[in-house]
Amino acid sequence: MQRRSGSGELGKGQRRTTTTPKTRKAPIASVSADFSREQFDLLKRERDEALEQQTATSEVLKLISRSTFDLQTVLNTLVESAARLCEAYDSIIALRQGEFLHGKAHYGPIPFLTEWPIQRGWVSGRAVIERKPVHVNDVQASVDEFPDASKAALRLGYRTILAVPLLRQDEVIGVLVVRRTEVKPFTDKQIELVTTFADQAVIAI
């Protein structure tokens with residue numbers, strides 16, 4: 001009978017055996033699959049949105065390119081596309097006449113004014129004066145900065161508003177406005193899209 005020596009060495013004929021501890025592998029495949037599905041859904045959604053936007057802008061350009069196009073039809077198409085693609089409750093195109101803005105096209109359930117002054121107390125007036133988009137997350141709460149717009153928003157029932165000026169060279173000829181009844185700011189992509197529709201309105205006008 002062979003014995004293990006006191007130093008821990010094995011005797012003759014004995015073989016050292018080692019046991020490898022079992023490790024549990026993380027469910028990499030499952031996580032990866034979930035991640036891939038999320039990425040796929042996101043890419044598909046972005047693709048569908050881009051296609052819808054491209055189709056909408058192409059339709060407007062086709063209307064404009066016709067030799068006998070109707071301006072009102074183009075403006076109506078623009079406000080509908082802007083409201084629908086930007087997930088807004090309504091959209092307005094107003095044209096400048098002197099020191100006032102006059103509503104020329106409207107789409108959506110929110111009531112709108114047919115005429116209002118070009119003043120800094122109005123979001124659209126500020127956009128015309130500063131010649132750049134003005135985006136207000138909650139105009140009802142912006143009493144100090146936009147007193148006139150805040151009163152109108154409380155009366156008509158809208159909260160978030162974006163106004164983009166219609167720029168023809170250095171002249172502001174109007175404004176494109178989109179609104180929401182809840183506090184939900186527009187994304188950078190949506191602001192860019194509204195700007196594109198504003199440019200198309202200028203081409204038509």
Side-chain angles (χ1 to χ4, degrees), residues 53 56-57 60 64 71-205:
Q53 293 171 11
T57 53
V60 174
I64 295 174
L71 177 59
Q72 190 60 51
T73 299
V74 174
L75 297 183
N76 291 342
T77 302
L78 281 169
V79 292
E80 180 180 354
S81 297
R84 180 167 48 85
L85 295 178
C86 294
E87 300 176 343
Y89 279 81
D90 85 329
S91 179
I92 306 165
I93 287 180
L95 300 183
R96 184 173 189 173
Q97 294 181 14
E99 296 304 314
F100 287 85
L101 288 168
H102 292 262
K104 293 298 182 181
H106 175 250
Y107 177 85
I110 304 176
F112 78 107
L113 303 175
T114 56
E115 178 185 283
W116 61 98
I118 300 174
Q119 297 175 353
R120 300 183 69 85
W122 295 89
V123 176
S124 54
R126 182 81 61 93
V128 171
I129 294 170
E130 297 187 354
R131 303 187 179 197
K132 64 181 182 181
V134 178
H135 184 204
V136 184
N137 293 349
D138 187 0
V139 68
Q140 290 187 14
S142 303
V143 180
D144 295 334
E145 189 171 6
F146 299 99
D148 300 310
S150 180
K151 292 177 183 178
L154 283 167
R155 186 170 71 254
L156 301 177
Y158 61 91
R159 306 293 292 269
T160 296
I161 180 172
L162 167 66
V164 177
L166 306 183
L167 284 167
R168 183 169 60 193
Q169 296 180 350
D170 293 332
E171 180 187 7
V172 180
I173 61 174
V175 65
L176 173 55
V177 178
V178 287
R179 303 182 294 183
R180 286 174 172 155
T181 56
E182 79 273 30
V183 178
K184 184 181 178 182
F186 292 96
T187 65
D188 291 340
K189 185 181 294 185
Q190 290 169 338
I191 294 173
E192 182 180 352
L193 184 59
V194 174
T195 303
T196 299
F197 285 130
D199 292 339
Q200 290 185 328
V202 172
I203 294 172
I205 296 167

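- Considering every non-hydrogen atom in both Val79 and Ser91, the closest pair reads O-CB, 3.2 Å.
- The shortest heavy-atom contact between Gly98 and Ile118 is O-CD1, 3.9 Å.
- In this structure, Leu162 CG and Asn137 CG are separated by 10.5 Å, a value rounded to the nearest 0.5 Å.
- Not counting sequence neighbours, Arg180 has no partner by the salt bridge (Lys or Arg N to Asp or Glu O under 4.0 Å) test.
- Looking only at side-chain heavy atoms (C-beta outward), Val175 and Leu101 come within less than 4.5 Å of each other.
- Atom CZ in Arg155 sits 11.5 Å away from atom CD in Gln140 (nearest 0.5 Å).
- Side-chain N or O atoms of Arg120 include none that pairs as donor or acceptor with a backbone N or O of Glu130 at under 3.5 Å.
- Shortest non-hydrogen contact noted between Pro133 and Val164 is CB-CG2, 4.1 Å.
- Rounded to the nearest 0.5 Å, atoms CZ (Arg96) and CD1 (Ile173) are 11.0 Å apart.
- Side-chain contact between Ile92 and Leu113 is absent, with no heavy atoms from C-beta onward closer than 4.5 Å.
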> Should Leu71 and Ile205 be marked as a side-chain contact (heavy atoms from CB on, under 4.5 Å) after you check the CA-CA gap, both sets of side-chain angles, and the distance that decides it?
Replying inline: CA-CA 7 Å; Leu71 177 59; Ile205 296 167; 4.0 Å; yes
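- A donor-acceptor pair under 3.5 Å links the side-chain atoms of His135 to the main chain of Phe186, judged by distance alone.
- A donor and an acceptor atom, one from each side chain of Gln72 and Asn76, are located under 3.5 Å apart.
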> side-chain contact (heavy atoms from CB on, under 4.5 Å) between Asp148 and Trp116: does it pass, once the steps are laid out?
Replying inline: CA-CA 10 Å; Asp148 300 310; Trp116 61 98; over 6 Å; no
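- Looking at heavy atoms from C-beta onward, Phe146 lies in side-chain contact with Val134 at the 4.5 angstrom threshold.
- Ring geometry for Phe112 versus His106: interplanar angle under 30°, hence parallel rather than tilted (30 to 60°).
- Nearest heavy atoms, Ala88 versus Val178: CB-CB, 4.0 Å.
- Atom CD1 of residue Ile161 and atom CZ of residue Arg179 lie 6.0 Å apart, to the nearest 0.5 angstrom.
- The distance from the NZ atom of Lys104 to the OG1 atom of Thr114 is 10.0 Å, given to the nearest 0.5 Å.
- Judged purely by atom type and a 3.5 angstrom limit, Thr195 uses its side chain to pair as donor or acceptor with the backbone of Ile191.
- Ala127 and Ala163 get closest at one heavy-atom pair: CB-O, 3.7 Å.
- Minimum interatomic distance between Val139 and Ala149 (heavy atoms only, all atoms of both residues): CG2-CB, 3.7 Å.
- A distance of 14.0 Å separates CD1 in Ile93 from OH in Tyr107, rounded to the nearest 0.5 Å.
- Glu171 places no side-chain N or O within donor-acceptor distance of the main-chain N or O of Arg168, the cut-off being under 3.5 Å.
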>> Could you go through Leu95 and His102, starting from their C-alpha distance and side-chain angles, then the distance that decides it, and tell me whether this counts as side-chain contact (heavy atoms from CB on, under 4.5 Å)?
In response: CA-CA 5 Å; Leu95 300 183; His102 292 262; 5.7 Å; no
>> Evaluate Leu176 against Leu78 for side-chain contact (heavy atoms from CB on, under 4.5 Å), listing each step before the verdict.
In response: CA-CA 9 Å; Leu176 173 55; Leu78 281 169; over 6 Å; no
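- Of the possible donor and acceptor atoms, one in the side chain of Thr160 sits under 3.5 Å from a partner among the backbone N and O of Lys184.
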